[in-house]
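Counting convention: from 1, in listed order, for ligands and their atoms alike.
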Amino acid sequence: MAIFAWEVKDGVAVVTLDTPGAPVNVISRTVKEEMYEMLAALERDTDVKAVAFFSGKPDNFIAGADIEEFVQLKSAADAEQLARDGQALIDRVATFTKPIVAGIHGSCLGGGLEFALACRYRVATDHPKTQLGLPEIQLGILPAAGGCQRLPRLIGARAALDIILAGKSERAAKAFRLGIVDELVPPSILQEISIAAARRLAQAPFRRRRKGGFLGLLLDGNPIGRLLVFYMARKQVLAQTKGNYPAPLAALEAVRHGLSRGMREGLRREAQLFGQLTLSDVSRKLVQIFFATRELKKDLGAPGAPPPAEVHRLAVVGSGFMGAGIAGTTVVQVGIDVRLKDADLGRVAKGLLAARDLVNERLTRRRITKFEHARLVAFLSGSDQYTGFGGAELVIEAVFEELAVKQQVLRECEAVLPAGAVFASNTSTIPIGRIAEASRRPEQVIGMHFFSPVARMPLLEVIPTAATAPQTVSTAVGFGRRLGKTVIVVKDAPGFWVNRILGPYMNEAAQLLLSGVRPEEIDRAMVQFGFPVGPITLLDEVGIDVAQHAGEVLQAAFGERMTPPAALAALVKDGRLGRKAGKGFYQYSNGKKGGVDPAIYPLLGVQPNGGIPTAEIVQRLTYAMLNEAARAVAEGVVRSPRDGDIGAIYGFGFPPFRGGPLRYLDDLGADRLFAELQRLAERLGPRFAPSEAIVDQARSRARFYP
Ligand code: 3HC
């Protein structure tokens with residue numbers, strides 16, 4: 001089957017790109033070859049005066065260059081050549097003798113946008129699925145089919161860098177405001193308008209008016225202004241990446257080079273840098289994460305599981321921060337009825353308001369219309385009774401973390417839920433198996449561990465027990481995915497995966513505090529290592545009391561090695577619960593984080609002494625985590641190293657460029673970790689004793705990944 005099809009209507013060739021059997025269009029070697037042939041045929045055809053170009057995919061224009069091809073590349077020279085080939089094709093489009101109009105609906109990303117930028121005119125649908133962007137940076141590479149050249153020339157360096165350096169995608173309306181898109185239309189008239197534009201362009205050339213206003217002209221239009229733009233961008237990149245990600249700096253260099261030396265030179269530099277980056281370790285890791293995340297999307301969570309049961313109505317018990325977060329996120333992401341239940345109407349009202357706030361936020365950010373807002377808000381309802389639970393296919397409980405309370409809620413739910421409904425607990429500390437003991441149908445009981453705040457945290461841990469039925473698993477996984485979460489299925493063991501491996505890391509941070517290391521030193525060291533926030537800030541964010549409770553659960557389950565130091569208890573006693581209390585390790589005023597509160601030192605009974613070097617801080621924290629991670633993998637807490645790494649990256653921001661804790665451990669080598677842990681254990685105590693898993697791995701030279 002042909003990839004390109006076209007017919008000529010009144011002088012306009014209407015071309016459709018539709019890669020057979022593929023969910024999205026990508027620019028692969030085959031697509032490139034066929035595109036050359038198609039262009040040659042259209043050039044020859046004297047009836048064709050202009051071209052209107054569309055995708056045959058429902059919600060995708062072109063998803064970019066074929067990432068699978070990058071993985072096969074063996075040398076920087078090969079990668080550079082691949083970019084050169086891509087540039088040559090895009091150049092062919094840009095210099096095509098007849099005007100080409102891109103009619104864009106759906107995702108138009110990377111090489112897809114670079115193709116569109118080379119067209120003479122762009123029409124896009126004003127539809128949420130239409131996103132235009134250059135996400136290459138997120139893969140550790142840079143736009144290398146002319147994106148670093150054409151975008152700044154079209155919309156100015158400042159606006160282009162904003163998109164390129166963050167790997168951002170913009171909705172069509174914003175792309176139109178920026179000047180990337182020339183015309184914005186409803187999907188129903190995309191074809192008609194694009195064909196009309198092609199016909200117009202065949203008769204008279206189009207002169208585009210530059211957008212960007214006075215400031216744009218001032219900054220982009222002269223060399224000094226541009227120098228300032230580059231200086232600021234570089235500063236921002238370094239502040240954000242801590243020098244851990246080379247791609248944004250390379251992209252900056254490609255844009256700068258092109259603007260100062262001209263298009264040809266810019267393209268040459270772009271391809272060269274693409275060659276270097278594609279083979280880099282950072283890019284390899286980021287591409288692995290891309291594929292691992294895609295694989296997980298297709299995973300139903302249990303071998304041979306039937307497809308998820310349809311969920312048309314969700315019931316949530318417990319309208320606190322988590323319950324309201326789950327309710328609001330469901331309405332925003334899935335748009336189904338959500339029934340909230342709590343012990344009294346006051347709490348229910350508070351929960352409904354908090355859930356509604358999430359819908360309001362979408363309106364404020366202009367992601368939905370007023371009409372859509374009204375429609376979504378109407379899905380939310382609540383009660384202090386179990387009324388309305390009869391129609392729910394799924395109930396998620398987010399009540400107080402106490403076994404007896406959760407079992408009581410489960411019994412009450414089972415009395416009113418339809419026979420096939422799934423009961424999920426959002427506990428982070430209680431074994432799901434224990435909660436299920438109160439159930440008449442334990443095969444329909446499961447854990448769904450959301451992270452806080454629900455709306456923003458991308459991970460969901462799904463926890464089946466030995467009795468959970470495969471379809472209960474697929475229903476929980478499927479629903480989590482509809483909420484936009486990346487879902488991993490983990491074993492019903494204390495702390496599950498994320499909190500289990502965070503435990504020793506947090507404990508070690510507290511140990512460091514007690515030996516006189518300043519909180520900001522610990523945080524700075526780990527942010528430099530690549531975490532989005534350091535462990536002490538994380539404690540303040542999560543709630544010091546919550547972390548303390550989680551620590552106690554791990555200690556009860558695993559004994560001495562997980563013993564939390566007394567540091568947290570002293571703060572909790574003082575009412576320092578973190579950000580939510582307005583005071584923790586750091587000071588807070590009006591919701592803004594300030595400096596470290598000196599009052600913590602007498603509470604901890606230490607004087608800051610600056611005695612421990614950064615490298616040791618990093619080593620102690622990460623090795624404590626890796627040791628526990630290896631142990632948990634050996635116990636089958638995660639189904640695969642892939643799930644473990646993705647869980648750590650999405651669960652608490654383990655640095656993506658390191659590929660996750662297990663890939664990081666592979667890179668370090670189990671034998672080296674073993675030797676270092678032994679040294680730490682001798683010096684600091686048995687909590688660092690290498691786990692059996694590490695001993696075995698070091699002995700057999702085994703790795704998590706081939
Ligand atoms: N290359 C290869 N495969 C791709 C791909 C790409 N650029 N984009 C998507 N796919 C594949 C996915 O791996 C998946 O394959 P599978 O079904 O076999 O698992 C399939 O397409 C569907 O993808 P999703 O499951 O992600 O579908 P969604 O509808 O959720 O999302 C999307 C679609 C928004 C296009 C998303 O897939 C995406 O973000 N893709 C990556 C876009 C990207 O990074 N493009 C830049 C590529 S690099 C480049 O262009 C370099 C150039 O400058 C030279």
Using 0.5 Å steps for rounding, measure from the CD atom of Glu34 to the OG1 atom of Thr19. 9.0 Å

Starting from atom 2 (C) of ligand 1, locate the nearest protein heavy atom and write down its residue, its atom name and how far away it is, to 0.1 Å. Asp66 OD1, 3.2 Å

In chain order, what residues pass the side-chain hydrogen bond (donor to acceptor under 3.5 Å, both in side chains) check against Arg256, with sequence neighbours excluded? Glu253

heavy-atom search around atom 39 (O) of ligand 1 in the protein gives Leu109 CD1, 3.9 Å

Can you tell which part of Pro23 has a heavy atom less than 4.0 Å from ligand 1: side chain, backbone, both or neither? side chain

Above 12 or not: heavy atoms from other molecules or residues under 6.0 Å from NZ of Lys129? no

Could you check whether Arg84 and Gln81, counting side-chain N and O atoms only, form a donor-acceptor pair closer than 3.5 Å? no

Which is it for Glu295 and ligand 1 at heavy atoms under 4.0 Å: side chain, backbone, both or neither? neither

Pair Arg153-Met263, side-chain contact (heavy atoms from CB on, under 4.5 Å): steps then yes or no: CA-CA 10 Å; Arg153 280 171 178 76; Met263 184 89 169; 3.9 Å; yes

Top protein contact for atom 27 (O) of ligand 1, by heavy-atom distance: Lys297 NZ, 3.9 Å

Which atom of Phe450 lies closest to which atom of Asn426, heavy atoms considered: N-OD1, 2.9 Å

Taking heavy atoms and a distance under 4.0 Å, where does Val26 meet ligand 1: side chain, backbone, both or neither? side chain

Any idea how Phe531 and Phe652 line up, ring-wise: parallel (<30°), tilted (30 to 60°), or perpendicular (>60°)? parallel

Could you check which of Lys129, Arg294, Gln87 puts a non-hydrogen atom nearest to atom 31 (O) of ligand 1? Arg294

If you scan protein heavy atoms around atom 41 (C) of ligand 1, the nearest is Phe290 CE1, 3.6 Å

Has ligand 1 got any nitrogen or oxygen that is less than 3.5 angstrom from a nitrogen or oxygen of Ala65? yes

Can you check whether Glu114 has an N/O within less than 3.5 Å of an N/O in ligand 1? yes

Where is the nearest protein heavy atom to atom 53 (O) of ligand 1: which residue, which atom, and how far? Glu136 OE2, 2.5 Å

Those residues at least two apart in sequence (or on a different chain) that pass ring-ring contact (aromatic ring centres under 6.0 Å, His included) with His449 are Phe451, Phe496

Taking 4.0 angstrom as the limit and counting only heavy atoms of Pro143, give me the atoms of ligand 1 inside it, by number and element. 53 (O)

How close does the nearest protein non-hydrogen atom get to atom 8 (N) of ligand 1, and which residue and atom is it? Ala63 CB, 3.6 Å

Flag if over 12 foreign heavy atoms under 6.0 Å of CZ, Arg294: yes

Working to the nearest 0.5 Å, report the span between CG of Leu39 and CD of Glu43. 7.5 Å

Phe654 six-ring face occupied by Arg663 cation (under 6.0 Å, within 45°): no

Check: Ile67 N/O within less than 3.5 Å of ligand 1 N/O: yes

Short N or O distance, Glu68 and ligand 1, threshold 3.5 Å exclusive: no

Please answer whether the main-chain N or O of Gln276 pairs with a side-chain N or O of Glu80 as donor and acceptor at a distance below 3.5 Å. no

Considering only heavy atoms of Leu139, which atoms of ligand 1 have at least one such atom less than 4.0 Å away? 44 (O)

Neighbour count >12 (heavy atoms, 6.0 Å) for atom CD, Glu310: no

Atoms of ligand 1 close to Gly64 [distance to a heavy atom under 4.0 angstrom, numbered from 1]: 50 (O)

Would you kindly specify which portion of Val24 sits under 4.0 Å from ligand 1, judged on non-hydrogen atoms: side chain, backbone, both or neither? side chain

Ala144 versus ligand 1: do any nitrogen or oxygen atoms come within less than 3.5 Å of each other? yes

In the protein, which heavy atom is nearest to atom 19 (O) of ligand 1, and how far is it? Lys298 NZ, 2.7 Å

For ligand 1 and Gly111, I'd like to know whether there is a polar contact (N/O to N/O, distance under 3.5 Å). yes

Contact bool for atom 14 (C) of ligand 1 (protein heavy atom, d < 4.0 Å): no

Check whether any N or O atom of Ser107, backbone or side chain, sits under 3.5 Å from an N or O atom of ligand 1, and answer yes or no. no

Pairing of Asp643 and Arg639 as salt bridge, 4.0 angstrom limit: yes

